[in-house]
Enquirer: 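The structure under discussion is supplied below as C-alpha coordinates; questions concerning it will follow.
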Amino acid sequence: MTFLQRLLPLLHGEQVPSGVIQKGLLRVLGSLGEGYGYAMQRRRHHYMHGHRYRYRPPCPVISVGNLTTGGTGKTPLIRWLAHHLLAQGHQPAIISRGYGQQSQQSVTAVSDLEQLRCHPPMAADEAYLLARALPGVAVLTGAQRQTVIEAALHNGWCDTLLLDDAFQHLRVQRDLDLLLLDARHPLGNGRMLPGGVLREHPRTLQHADLIILTRAEDPQRARQAEQLIAPYLKAQTPILRATHAPAGWHHLDGSSCPMPHQPVLAFTGIGRPESFWHTLATQGVRPLAHRAFADHYPFSATTLSELALQAQQAGASALVCTEKDAVKLQPQWSPLPIYWLGVEWHFITDPAPLLQRIKTLFW
(Lines give C-alpha, C1' and ligand atoms only; values in the text may rest on other atoms or scores of the structure.)
Protein backbone atom coordinates (compact mmCIF):
# COMPACT_ATOMS: atom_id res chain seq x y z
CA MET A 1 0.00 0.00 0.00
CA THR A 2 1.35 3.42 -0.97
CA PHE A 3 1.75 6.36 1.41
CA LEU A 4 -1.21 8.11 -0.26
CA GLN A 5 -3.43 5.06 0.19
CA ARG A 6 -2.55 4.97 3.89
CA LEU A 7 -3.40 8.67 4.11
CA LEU A 8 -6.76 8.39 2.33
CA PRO A 9 -8.84 7.32 5.38
CA LEU A 10 -7.76 10.56 7.11
CA LEU A 11 -8.53 12.69 4.04
CA HIS A 12 -11.93 11.09 3.53
CA GLY A 13 -12.85 11.59 7.18
CA GLU A 14 -13.02 7.87 7.90
CA GLN A 15 -10.37 8.14 10.61
CA VAL A 16 -9.49 10.86 13.09
CA PRO A 17 -5.80 11.90 13.03
CA SER A 18 -3.87 10.60 16.02
CA GLY A 19 -0.42 11.53 17.14
CA VAL A 20 1.75 14.55 16.47
CA ILE A 21 2.89 13.42 13.01
CA GLN A 22 -0.59 12.86 11.54
CA LYS A 23 -2.00 16.07 13.04
CA GLY A 24 1.00 18.10 11.89
CA LEU A 25 0.88 16.66 8.38
CA LEU A 26 -2.81 17.44 7.98
CA ARG A 27 -2.24 20.96 9.30
CA VAL A 28 0.43 21.61 6.68
CA LEU A 29 -1.60 20.04 3.88
CA GLY A 30 -4.66 21.96 5.06
CA SER A 31 -2.79 25.25 4.72
CA LEU A 32 -1.90 24.37 1.14
CA GLY A 33 -5.53 23.46 0.55
CA GLU A 34 -6.68 26.93 1.55
CA GLY A 35 -4.69 28.40 -1.31
CA TYR A 36 -5.98 25.79 -3.72
CA GLY A 37 -9.55 26.42 -2.59
CA TYR A 38 -9.22 30.16 -3.17
CA ALA A 39 -7.84 29.57 -6.67
CA MET A 40 -10.74 27.25 -7.52
CA GLN A 41 -13.22 29.78 -6.16
CA ARG A 42 -11.78 32.56 -8.35
CA ARG A 43 -11.77 30.25 -11.36
CA ARG A 44 -15.46 29.41 -10.98
CA HIS A 45 -16.29 33.08 -10.41
CA HIS A 46 -14.61 34.06 -13.70
CA TYR A 47 -16.52 31.41 -15.64
CA MET A 48 -19.88 32.13 -13.98
CA HIS A 49 -19.60 35.89 -14.60
CA GLY A 50 -18.57 35.73 -18.24
CA HIS A 51 -14.89 36.59 -17.80
CA ARG A 52 -13.84 33.37 -19.52
CA TYR A 53 -15.12 31.82 -22.74
CA ARG A 54 -17.78 29.10 -22.41
CA TYR A 55 -18.87 26.81 -25.22
CA ARG A 56 -22.60 26.17 -25.77
CA PRO A 57 -23.23 22.88 -27.63
CA PRO A 58 -26.32 22.88 -29.88
CA CYS A 59 -28.00 20.03 -27.97
CA PRO A 60 -28.93 19.12 -24.37
CA VAL A 61 -25.96 18.60 -22.05
CA ILE A 62 -26.04 16.59 -18.83
CA SER A 63 -23.00 16.76 -16.55
CA VAL A 64 -22.19 14.08 -13.95
CA GLY A 65 -19.54 15.06 -11.43
CA ASN A 66 -18.03 14.95 -7.95
CA LEU A 67 -17.19 17.51 -5.31
CA THR A 68 -14.53 15.17 -3.93
CA THR A 69 -11.82 12.96 -5.37
CA GLY A 70 -12.34 9.23 -5.43
CA GLY A 71 -15.15 7.12 -6.79
CA THR A 72 -18.77 7.98 -6.01
CA GLY A 73 -20.44 5.91 -8.73
CA LYS A 74 -20.29 8.21 -11.75
CA THR A 75 -19.73 5.36 -14.21
CA PRO A 76 -22.76 3.27 -13.09
CA LEU A 77 -24.93 6.40 -13.15
CA ILE A 78 -23.80 7.39 -16.65
CA ARG A 79 -24.60 3.87 -17.84
CA TRP A 80 -28.06 4.18 -16.25
CA LEU A 81 -28.61 7.61 -17.84
CA ALA A 82 -27.55 6.35 -21.27
CA HIS A 83 -30.00 3.44 -21.07
CA HIS A 84 -32.78 5.80 -19.99
CA LEU A 85 -32.12 8.24 -22.83
CA LEU A 86 -32.03 5.44 -25.39
CA ALA A 87 -35.34 4.11 -24.07
CA GLN A 88 -36.85 7.58 -24.55
CA GLY A 89 -35.77 7.67 -28.18
CA HIS A 90 -32.71 9.89 -27.76
CA GLN A 91 -29.14 9.25 -28.89
CA PRO A 92 -26.62 10.14 -26.18
CA ALA A 93 -22.86 10.37 -26.59
CA ILE A 94 -20.53 10.08 -23.59
CA ILE A 95 -17.70 12.60 -23.41
CA SER A 96 -14.82 12.32 -20.95
CA ARG A 97 -11.27 13.49 -20.36
CA GLY A 98 -9.94 9.96 -20.80
CA TYR A 99 -7.69 10.00 -17.77
CA GLY A 100 -5.00 7.30 -17.90
CA GLN A 101 -5.31 6.50 -21.60
CA GLN A 102 -2.19 6.19 -23.74
CA SER A 103 -3.82 7.66 -26.84
CA GLN A 104 -2.35 11.06 -27.70
CA GLN A 105 -4.97 11.95 -30.28
CA SER A 106 -7.02 15.10 -29.78
CA VAL A 107 -10.14 12.94 -30.13
CA THR A 108 -10.23 9.23 -29.32
CA ALA A 109 -13.41 7.51 -30.41
CA VAL A 110 -13.56 4.53 -28.07
CA SER A 111 -16.78 3.48 -29.80
CA ASP A 112 -19.19 4.78 -32.41
CA LEU A 113 -22.79 3.75 -33.07
CA GLU A 114 -21.73 0.40 -34.50
CA GLN A 115 -18.57 -0.93 -32.88
CA LEU A 116 -15.73 -0.64 -30.40
CA ARG A 117 -12.89 1.26 -32.02
CA CYS A 118 -10.22 1.54 -29.33
CA HIS A 119 -9.14 -0.72 -26.46
CA PRO A 120 -7.03 -0.25 -23.31
CA PRO A 121 -4.35 0.84 -22.79
CA MET A 122 -4.88 3.26 -25.70
CA ALA A 123 -8.41 3.85 -24.40
CA ALA A 124 -9.18 4.94 -20.84
CA ASP A 125 -10.49 2.13 -18.64
CA GLU A 126 -13.78 3.79 -17.61
CA ALA A 127 -14.50 4.97 -21.16
CA TYR A 128 -13.93 1.48 -22.53
CA LEU A 129 -16.05 -0.05 -19.77
CA LEU A 130 -18.94 2.22 -20.79
CA ALA A 131 -18.41 1.61 -24.51
CA ARG A 132 -18.46 -2.16 -24.01
CA ALA A 133 -21.59 -1.98 -21.86
CA LEU A 134 -23.46 0.39 -24.19
CA PRO A 135 -23.47 -0.87 -27.79
CA GLY A 136 -24.98 1.77 -30.05
CA VAL A 137 -23.67 4.66 -27.92
CA ALA A 138 -20.62 6.68 -28.97
CA VAL A 139 -17.97 7.17 -26.29
CA LEU A 140 -15.28 9.75 -26.99
CA THR A 141 -12.36 11.11 -24.97
CA GLY A 142 -9.87 13.94 -25.23
CA ALA A 143 -8.21 16.75 -23.29
CA GLN A 144 -10.19 19.54 -25.00
CA ARG A 145 -13.81 18.57 -24.53
CA GLN A 146 -15.13 21.14 -26.96
CA THR A 147 -13.09 19.50 -29.72
CA VAL A 148 -14.38 16.07 -28.65
CA ILE A 149 -17.99 17.26 -28.59
CA GLU A 150 -17.69 18.84 -32.02
CA ALA A 151 -16.35 15.56 -33.41
CA ALA A 152 -19.34 13.64 -32.00
CA LEU A 153 -21.78 16.16 -33.47
CA HIS A 154 -19.99 16.32 -36.83
CA ASN A 155 -20.27 12.54 -37.20
CA GLY A 156 -23.96 12.58 -36.31
CA TRP A 157 -23.44 10.29 -33.34
CA CYS A 158 -25.68 12.06 -30.83
CA ASP A 159 -28.51 14.41 -30.01
CA THR A 160 -27.63 14.54 -26.30
CA LEU A 161 -24.33 14.80 -24.43
CA LEU A 162 -23.35 13.08 -21.18
CA LEU A 163 -20.26 14.75 -19.71
CA ASP A 164 -18.32 12.46 -17.39
CA ASP A 165 -16.62 14.01 -14.33
CA ALA A 166 -17.45 17.54 -15.44
CA PHE A 167 -18.61 19.50 -12.38
CA GLN A 168 -15.28 21.36 -12.40
CA HIS A 169 -15.10 21.47 -16.22
CA LEU A 170 -16.77 24.86 -16.58
CA ARG A 171 -15.83 25.70 -20.15
CA VAL A 172 -18.69 23.62 -21.54
CA GLN A 173 -22.11 24.95 -20.59
CA ARG A 174 -24.60 22.37 -19.42
CA ASP A 175 -28.35 22.14 -18.98
CA LEU A 176 -28.36 19.77 -16.03
CA ASP A 177 -25.61 19.52 -13.41
CA LEU A 178 -25.77 16.29 -11.40
CA LEU A 179 -23.46 16.09 -8.39
CA LEU A 180 -22.68 12.81 -6.62
CA LEU A 181 -21.64 12.65 -2.97
CA ASP A 182 -20.77 9.59 -0.87
CA ALA A 183 -23.46 9.42 1.83
CA ARG A 184 -20.97 8.00 4.33
CA HIS A 185 -18.56 10.95 4.12
CA PRO A 186 -20.05 13.53 1.70
CA LEU A 187 -17.41 16.21 2.36
CA GLY A 188 -14.51 13.98 3.42
CA ASN A 189 -12.72 15.53 6.38
CA GLY A 190 -14.00 18.98 5.32
CA ARG A 191 -10.66 20.16 3.93
CA MET A 192 -9.59 21.11 0.43
CA LEU A 193 -6.98 19.21 -1.55
CA PRO A 194 -4.31 18.22 -0.58
CA GLY A 195 -5.38 18.40 3.09
CA GLY A 196 -8.63 16.61 2.29
CA VAL A 197 -10.51 15.33 -0.73
CA LEU A 198 -12.61 18.38 -1.61
CA ARG A 199 -12.00 19.68 -5.15
CA GLU A 200 -13.94 22.85 -4.35
CA HIS A 201 -15.44 24.51 -1.30
CA PRO A 202 -18.81 23.05 -0.20
CA ARG A 203 -20.49 26.36 -1.07
CA THR A 204 -20.21 25.38 -4.74
CA LEU A 205 -22.97 22.85 -4.03
CA GLN A 206 -25.31 25.74 -4.82
CA HIS A 207 -24.38 25.33 -8.49
CA ALA A 208 -25.67 21.75 -8.66
CA ASP A 209 -29.15 21.22 -10.07
CA LEU A 210 -29.61 17.90 -8.31
CA ILE A 211 -27.67 16.02 -5.62
CA ILE A 212 -27.41 12.24 -5.54
CA LEU A 213 -26.13 10.60 -2.36
CA THR A 214 -24.48 7.33 -3.30
CA ARG A 215 -23.77 4.35 -1.04
CA ALA A 216 -26.87 5.53 0.80
CA GLU A 217 -28.06 2.13 2.02
CA ASP A 218 -28.00 3.25 5.68
CA PRO A 219 -30.98 5.61 6.19
CA GLN A 220 -29.50 7.21 9.30
CA ARG A 221 -26.19 8.07 7.62
CA ALA A 222 -28.05 9.35 4.57
CA ARG A 223 -30.12 11.69 6.76
CA GLN A 224 -26.96 12.92 8.47
CA ALA A 225 -25.38 13.59 5.08
CA GLU A 226 -28.44 15.55 3.96
CA GLN A 227 -28.31 17.66 7.11
CA LEU A 228 -24.60 18.31 6.59
CA ILE A 229 -24.93 19.60 3.03
CA ALA A 230 -28.29 21.38 3.39
CA PRO A 231 -26.79 24.78 4.40
CA TYR A 232 -24.83 24.93 1.13
CA LEU A 233 -27.69 24.14 -1.26
CA LYS A 234 -30.09 26.37 -3.11
CA ALA A 235 -33.64 26.19 -1.82
CA GLN A 236 -35.59 23.22 -3.17
CA THR A 237 -32.55 21.47 -4.66
CA PRO A 238 -33.62 17.80 -4.93
CA ILE A 239 -31.56 15.25 -3.04
CA LEU A 240 -31.87 11.62 -4.16
CA ARG A 241 -30.42 8.49 -2.59
CA ALA A 242 -28.85 5.69 -4.59
CA THR A 243 -26.44 2.80 -4.46
CA HIS A 244 -24.43 0.75 -6.92
CA ALA A 245 -25.03 -2.82 -5.90
CA PRO A 246 -23.28 -6.06 -6.94
CA ALA A 247 -24.69 -7.46 -10.18
CA GLY A 248 -23.07 -10.83 -10.63
CA TRP A 249 -19.72 -12.48 -11.24
CA HIS A 250 -18.02 -12.85 -14.61
CA HIS A 251 -15.02 -14.38 -16.33
CA LEU A 252 -12.64 -12.06 -18.18
CA ASP A 253 -14.45 -12.83 -21.44
CA GLY A 254 -17.59 -11.31 -19.91
CA SER A 255 -19.50 -14.56 -19.51
CA SER A 256 -21.43 -14.98 -16.27
CA CYS A 257 -20.29 -17.43 -13.62
CA PRO A 258 -21.12 -18.38 -10.02
CA MET A 259 -19.50 -16.60 -7.12
CA PRO A 260 -15.99 -18.02 -6.67
CA HIS A 261 -15.87 -20.36 -3.72
CA GLN A 262 -12.18 -21.20 -3.85
CA PRO A 263 -9.65 -19.14 -1.82
CA VAL A 264 -8.91 -15.86 -3.63
CA LEU A 265 -6.59 -12.84 -3.67
CA ALA A 266 -8.43 -9.56 -4.30
CA PHE A 267 -6.78 -6.68 -6.14
CA THR A 268 -7.93 -3.40 -7.62
CA GLY A 269 -6.75 -0.13 -9.10
CA ILE A 270 -9.58 2.23 -8.14
CA GLY A 271 -9.75 5.41 -6.09
CA ARG A 272 -11.42 3.81 -3.06
CA PRO A 273 -10.16 0.21 -2.76
CA GLU A 274 -11.78 -0.22 0.65
CA SER A 275 -15.19 0.08 -1.03
CA PHE A 276 -14.37 -3.01 -3.10
CA TRP A 277 -13.18 -4.92 -0.05
CA HIS A 278 -16.46 -4.03 1.69
CA THR A 279 -18.51 -5.17 -1.32
CA LEU A 280 -16.69 -8.49 -1.36
CA ALA A 281 -17.49 -8.98 2.31
CA THR A 282 -21.20 -8.38 1.64
CA GLN A 283 -20.98 -11.09 -1.02
CA GLY A 284 -19.48 -13.56 1.43
CA VAL A 285 -16.07 -13.45 -0.27
CA ARG A 286 -13.22 -13.20 2.22
CA PRO A 287 -9.91 -12.96 0.35
CA LEU A 288 -6.77 -14.45 1.84
CA ALA A 289 -4.89 -11.34 0.70
CA HIS A 290 -5.53 -7.86 -0.75
CA ARG A 291 -3.53 -5.66 -3.12
CA ALA A 292 -4.48 -2.01 -3.73
CA PHE A 293 -2.89 -0.28 -6.72
CA ALA A 294 -3.13 3.38 -7.73
CA ASP A 295 -6.30 4.53 -9.46
CA HIS A 296 -6.25 3.74 -13.22
CA TYR A 297 -3.20 1.51 -12.69
CA PRO A 298 -1.86 0.15 -16.02
CA PHE A 299 -1.86 -3.58 -15.29
CA SER A 300 0.55 -5.74 -17.30
CA ALA A 301 1.53 -9.38 -17.71
CA THR A 302 4.34 -8.84 -15.20
CA THR A 303 1.94 -7.41 -12.60
CA LEU A 304 -0.48 -10.31 -13.01
CA SER A 305 2.32 -12.87 -12.75
CA GLU A 306 3.42 -11.28 -9.49
CA LEU A 307 -0.15 -11.26 -8.19
CA ALA A 308 -0.60 -14.92 -9.10
CA LEU A 309 2.61 -15.82 -7.26
CA GLN A 310 1.52 -13.86 -4.19
CA ALA A 311 -1.88 -15.56 -4.33
CA GLN A 312 -0.34 -19.02 -4.50
CA GLN A 313 2.00 -18.24 -1.61
CA ALA A 314 -1.02 -17.17 0.45
CA GLY A 315 -2.89 -20.36 -0.46
CA ALA A 316 -5.29 -18.75 -2.97
CA SER A 317 -6.20 -20.38 -6.28
CA ALA A 318 -7.95 -17.47 -8.05
CA LEU A 319 -7.89 -13.67 -8.40
CA VAL A 320 -10.85 -11.27 -8.12
CA CYS A 321 -11.13 -7.63 -9.19
CA THR A 322 -13.61 -4.96 -10.32
CA GLU A 323 -15.02 -4.57 -13.81
CA LYS A 324 -12.97 -1.41 -14.24
CA ASP A 325 -9.80 -3.43 -13.61
CA ALA A 326 -10.93 -6.36 -15.75
CA VAL A 327 -11.20 -4.34 -18.97
CA LYS A 328 -7.41 -3.90 -18.90
CA LEU A 329 -6.52 -7.57 -18.37
CA GLN A 330 -5.74 -10.49 -20.67
CA PRO A 331 -6.46 -14.10 -19.57
CA GLN A 332 -3.00 -15.30 -20.65
CA TRP A 333 -1.36 -12.90 -18.21
CA SER A 334 -2.23 -15.06 -15.20
CA PRO A 335 -1.86 -18.81 -14.56
CA LEU A 336 -4.80 -18.47 -12.16
CA PRO A 337 -8.42 -17.77 -13.13
CA ILE A 338 -9.56 -14.16 -12.78
CA TYR A 339 -13.12 -13.18 -11.84
CA TRP A 340 -14.66 -9.73 -11.77
CA LEU A 341 -17.72 -8.44 -9.95
CA GLY A 342 -20.16 -6.23 -11.84
CA VAL A 343 -22.23 -3.46 -10.25
CA GLU A 344 -25.55 -1.88 -11.19
CA TRP A 345 -27.05 1.49 -10.33
CA HIS A 346 -30.15 1.49 -8.12
CA PHE A 347 -32.16 4.44 -6.82
CA ILE A 348 -33.26 4.05 -3.21
CA THR A 349 -35.58 7.06 -3.38
CA ASP A 350 -37.96 7.87 -6.22
CA PRO A 351 -35.94 9.19 -9.21
CA ALA A 352 -38.95 11.22 -10.45
CA PRO A 353 -37.23 14.62 -9.86
CA LEU A 354 -34.34 13.54 -12.09
CA LEU A 355 -36.59 12.03 -14.76
CA GLN A 356 -38.69 15.19 -14.87
CA ARG A 357 -35.64 17.41 -15.28
CA ILE A 358 -34.34 15.23 -18.09
CA LYS A 359 -37.72 15.37 -19.77
CA THR A 360 -37.74 19.18 -19.73
CA LEU A 361 -34.46 19.24 -21.69
CA PHE A 362 -36.35 18.09 -24.79
CA TRP A 363 -39.44 20.31 -24.57
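Predicted, not measured: the structure shown is a model, and the values here were computed from it.
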Enquirer: Looking only at atom types and distance, does a side-chain atom of Asn155 sit under 3.5 Å from a main-chain N or O of Ala151, one as donor and one as acceptor?
Expert: yes

Enquirer: Hey, what do you get for NE2 (His45) to OG1 (Thr204), rounding to the nearest 0.5 Å?
Expert: 15.0 Å

Enquirer: For Pro353, which residues count as a side-chain contact (heavy atoms from CB on, under 4.5 Å) partner, sequence neighbours excluded?
Expert: Leu210, Pro238, Leu240

Enquirer: Carefully, step by step, assess Gln101 and Thr141 under the rule side-chain hydrogen bond (donor to acceptor under 3.5 Å, both in side chains).
Expert: CA-CA 9 Å; Gln101 69 182 26; Thr141 62; 2.7 Å; yes

Enquirer: Can you find a pair of side-chain heavy atoms, one from Glu344 and one from His244, that are under 4.5 Å apart?
Expert: no

Enquirer: Test your reading of the model: is there a side-chain donor-acceptor pair from Ser111 to the backbone of Val137, 3.5 Å cut-off?
Expert: yes

Enquirer: For the pair Arg44 (side chain) and Leu170 (backbone), establish whether a donor and an acceptor sit closer than 3.5 Å, ignoring hydrogens and angles.
Expert: no

Enquirer: Rounded to the nearest 0.5 Å, how far apart are CD of Glu200 and CG of Asn66?
Expert: 11.0 Å

Enquirer: Is it possible for you to check whether Arg42 lies under 6.0 Å from the centre of the six-membered ring of Tyr36, through NZ or CZ, and within 45° of that ring's axis?
Expert: no

Enquirer: Is there a donor-acceptor contact under 3.5 Å from the side chain of His251 to the main chain of Asp253?
Expert: no

Enquirer: Do Leu86 and Gln91 touch side chain to side chain, with heavy atoms closer than 4.5 Å?
Expert: yes

Enquirer: Is Leu341 close to Gln283 at the side-chain level, that is, under 4.5 Å between some pair of heavy atoms?
Expert: yes

Enquirer: Please name the residue in the list Lys324, Lys328, Arg97 that meets the salt bridge (Lys or Arg N to Asp or Glu O under 4.0 Å) test with Glu126.
Expert: Lys324

Enquirer: Specify whether Phe293 and Phe299 have parallel, tilted or perpendicular ring planes, treating 30° as the upper limit for parallel and 60° as the lower limit for perpendicular.
Expert: perpendicular

Enquirer: Would you say that Tyr53 contacts Arg171 through its side chain, given a criterion of any heavy-atom pair below 4.5 Å between the two side chains?
Expert: yes

Enquirer: Find the distance between CZ (Arg215) and OG1 (Thr279) and round it off to the nearest 0.5 Å.
Expert: 7.5 Å

Enquirer: Using a strict cut-off of less than 4.0 Å between a Lys/Arg side-chain nitrogen and an Asp/Glu carboxylate oxygen, indicate whether Arg199 and Asp165 qualify as a salt bridge.
Expert: yes

Enquirer: Kindly check if the number of other-residue, nucleotide or ligand heavy atoms within 6.0 Å of NE2 (His154) is above 12?
Expert: no

Enquirer: Please examine the side chains of Leu140 and Val107, heavy atoms only from C-beta on, and report whether any two atoms are closer than 4.5 Å.
Expert: yes

Enquirer: Could you check whether Arg357 pairs with Asp177 (Lys NZ or Arg NE/NH1/NH2 to Asp/Glu carboxylate O, under 4.0 Å)?
Expert: no

Enquirer: With respect to Pro92, which candidate in Leu85, Leu161, Ile62, Val139 satisfies the side-chain contact (heavy atoms from CB on, under 4.5 Å) definition?
Expert: Leu85

Enquirer: Do Arg145 and Asp164 meet the salt-bridge criterion of a basic N to acidic O distance under 4.0 Å?
Expert: no

Enquirer: Holding to side-chain hydrogen bond (donor to acceptor under 3.5 Å, both in side chains), I want the full list of residues that pass it with Ser334, two or more places apart in sequence or in another chain.
Expert: none

Enquirer: Answer yes or no: is there a side-chain heavy-atom contact under 4.5 Å between Phe347 and Leu354?
Expert: yes

Enquirer: Compare all side-chain heavy atoms of Arg56 with those of Asp175 and state whether any distance is below 4.5 angstrom.
Expert: yes

Enquirer: When you check the side-chain N and O atoms of Asp182 and Thr214, is any donor under 3.5 Å from an acceptor?
Expert: no

Enquirer: Strictly distance-based, threshold 3.5 Å: is any side-chain N or O of Arg286 a donor or acceptor partner for the main-chain N or O of Pro263?
Expert: no

